[in-house]
Amino acid sequence: MPELPEVETVARQLAPALTGRRVVAVQVFDPKIDPASLEPLIGRTITAVRRIGKQVGIGFSQPGIPEAGPWLCIHLRMTGRLAWAPDCRQPPVAPLRVRFRLDRGALLFHDTRRFGTLTLYPTLRDATPAGIDPTGRAFTPARLTAWLAQSASPIKVWLMRQDRLVGLGNIYVSEALHRAGIHPARPARSLSFDEAARLHKALRLILRSAIRCGGTTIFNFENAVGAAGQFQRRLRVYGREGDPCARCRTPIQRLVQQQRSTFFCPTCQH
DNA sequence: ATTATATCCTGATCGC
DNA sequence: TGCGATCAGGATATAA
């Protein structure tokens, strides 16, 4: 499922149910995951749940130093789902990989394709990626322009990498480029300052709007309470090959960049 | 140093 | 209806 708005949605939904809960046991149902790696969490209390880049971060208590405990980062990749369940005694079924039994209910990690990852970091600082969050204050038009000037990559490919801006994926990159009127194959360094500023604005607008909608559901994204997102109704190009552009009626085209589909309007985007 | 390809997995969908 | 090929919102290791 998950790009930034979907992960933000899940983290916000889980926070009230998980904060203050104590981990009673961790059950691992997938041989790809080493149960010993999660053992340090047993007995600890959850102090915070928040999105960190494209991951759901869960902060834990440290006896004596409540704010300095370890953080568990869960990357959902393509098919991961997190949900709180009131009953922790249900028999585990198919895509369930890990169940964290809590003093009230349980946190379930389902993941059909098993691409998702669980990583335990000693502190929040260790769990924080080097790149910056596109919804945060550090992301400015000047910052974006300076970065783009250094790269000959197609702008679409550049936006997808996670070492500068953290959290963008295939859907929102296509949508933001369309809104900004920029062709996805343009070399990053060919964008003018005005174009970079337009792209900056489009990215923030799209992300904010998608978070308000609870994310996008295309295949099987479900948020933490099992509901679908609503942003798919607002997609203007993603998955709409052949449909008329909402602005100029030209049929939307699809191209492949790095084995990923990119959707764009050949008239509106230059 | 960038930039392509292969790979991790499973399930839904497409075309014949 | 059945069956193999293809594709899927991610990211990394390896190759070129």
Side-chain angles (χ1 to χ4, degrees), chain A residues 1-11 28-34 51-56 73-82 93-98 109-119 127 129-131 134 147-178 184-190 203 206-207 209-211 213-224 228-242 252 254-264:
Chain A
M1 65 178 194
E3 298 181 43
L4 185 157
E6 290 74 33
V7 179
E8 179 76 34
T9 299
V10 170
V28 175
F29 305 103
D30 180 347
K32 261 180 87 175
I33 299 171
D34 177 12
R51 179 181 64 79
I52 299 176
K54 236 179 241 188
Q55 314 201 45
V56 176
C73 285
I74 301 163
H75 199 312
L76 303 167
R77 295 284 179 101
M78 307 283 254
T79 57
R81 274 176 48 211
L82 287 173
V93 288
L96 183 62
R97 296 180 77 191
V98 181
F109 176 45
H110 295 268
D111 184 15
T112 302
R113 277 173 80 178
R114 299 161 69 209
F115 282 0
T117 55
L118 303 157
T119 311
W147 269 334
L148 296 184
Q150 296 169 8
S151 174
S153 295
I155 183 63
K156 194 269 187 165
V157 173
W158 189 91
L159 290 168
M160 295 280 287
R161 44 189 284 195
Q162 302 295 307
D163 58 339
R164 296 284 192 262
L165 288 176
V166 188
L168 300 174
N170 221 25
I171 294 177
Y172 299 109
V173 165
S174 274
E175 293 298 316
L177 286 171
H178 177 259
R186 285 271 301 281
R189 64 162 69 115
S190 76
L203 282 166
I206 297 267
L207 292 172
S209 170
I211 289 169
C213 288
T216 298
T217 296
I218 289 186
F219 293 102
N220 47 16
F221 168 63
E222 279 186 7
N223 59 34
Q230 293 301 317
F231 194 74
Q232 61 277 8
R233 295 185 294 141
R234 307 220 187 163
L235 297 177
R236 297 209 177 155
V237 288
Y238 184 83
R240 294 189 170 279
E241 183 179 15
I252 297 300
R254 183 178 84 98
L255 72 89
V256 175
Q257 296 173 291
Q258 292 203 151
Q259 270 97 303
R260 314 297 301 275
S261 293
T262 304
F263 299 87
F264 69 103

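Here is how names work: the chains are called A, B, and so on, in the same order as the sequence lines, proteins then strands, and each is numbered from 1. Predicted model, so just to flag it, every value in this text is computed and none were measured. Values reported hereafter were calculated over all heavy atoms of this structure, with side chains retained and with hydrogens, waters and symmetry mates removed.
One N or O on the side chain of A:Asn170 and one on the backbone of A:Ser261 form a donor-acceptor pair closer than 3.5 Å. Under a 3.5 Å cut-off, the side chain of A:Arg81 and the backbone N or O of A:Pro95 do not form any donor-acceptor pair.
In this structure, of B:dT3, C:dA11, C:dG9, it is C:dG9 that holds the atom nearest to the side chain of A:Asn170. With B:dG11, B:dT5, B:dC9 as the candidates, the nucleotide lying closest to the side chain of A:Gln259 is B:dT5. Which of C:dA8, B:dT10, B:dA4 sits closest to the side chain of A:Arg114 comes down to B:dT10. Picking from B:dC9, C:dA8, C:dG10 the nucleotide with the shortest atom distance to the side chain of A:Arg260 gives C:dG10. For A:Tyr238, the listed nucleotide lying nearest its side chain is C:dA8; candidates were C:dA8, C:dA11, B:dT3. In this structure, the nucleotide among B:dT3, C:dG10, B:dT10 sitting nearest to the side chain of A:Glu3 is C:dG10. Checking C:dA11, B:dA4, C:dG9 against every side-chain atom of A:Gln258, the shortest atom distance belongs to B:dA4.
The distance from atom CZ of A:Phe115 to atom P of B:dA6 is 15 Å, rounded to the nearest whole Å. Note: CD (A:Glu241) to P (B:dC14) measures 13 Å, nearest angstrom. Residue A:Trp158 contributes atom CH2, which lies 18 Å from atom P of B:dA1 at whole-angstrom precision. C:dG10 atom P lies 8 Å from atom CD of A:Gln162, rounded to whole Å. Nucleotide C:dA11 holds its C1' atom 17 Å from the CZ atom of A:Arg164, rounded to whole Å. Going from atom CZ of A:Arg254 over to atom P of C:dT6 covers 13 Å, rounded to whole Å. In this entry the distance linking CZ of A:Arg77 with C1' of B:dT7 reads 11 Å, nearest Å. For the pair A:His110 NE2 and B:dT10 P, the interatomic distance rounds to 17 Å; values are reported in whole Å.
Annotation: C:dT14 and B:dC9 have their P atoms spaced 16 Å apart (nearest Å). For the P atom pair drawn from B:dT5 and C:dC7, the interatomic distance equals 14 Å after rounding to whole Å. Between the P atoms of B:dG11 and C:dT1, the separation comes to 22 Å (whole Å). Taking atom P on both nucleotides, C:dA11 is separated from B:dA12 by 23 Å, rounded to a whole Å.
Nearest-nucleotide positions on DNA chain B place A:Ala152 closer to the 5' end than the other of A:Arg113 and A:Ala152.
OP1 or OP2 of C:dG10 has not a single side-chain nitrogen or oxygen of A:His75 nearer than 4.0 Å. Distances shorter than 4.0 Å separate none of the side-chain N or O atoms of A:Lys32 from OP1 or OP2 on B:dC8.
Across all strands, A:Thr117 comes closer than 4.0 Å to no nucleic acid atom at all (heavy-atom distances). A:Arg161 comes within contact range of no nucleotide atom at all, as no heavy-atom separation falls under 4.0 Å.
In DNA chain C, runs of at least 3 stacked Watson-Crick or G-U pairs (N1-N3 plus N6-O4 or O6-N4, or N1-O2 plus O6-N3, all under 3.5 Å) give these stems: B:2-8 with C:10-16, B:10-16 with C:2-8.
Aromatic ring centres of A:Phe231 and A:Tyr172 lie closer together than 6.0 Å.
Across all their heavy atoms, A:Thr79 and A:Thr112 have their closest contact at OG1-N, 3.4 Å.
For A:Arg161, the CZ atom is densely surrounded, since the number of other residues' heavy atoms within 6.0 Å is greater than 12.
Contact of the A:Lys54 side chain with the A:Gln162 side chain is registered, since non-hydrogen atoms from C-beta on lie closer than 4.5 Å.
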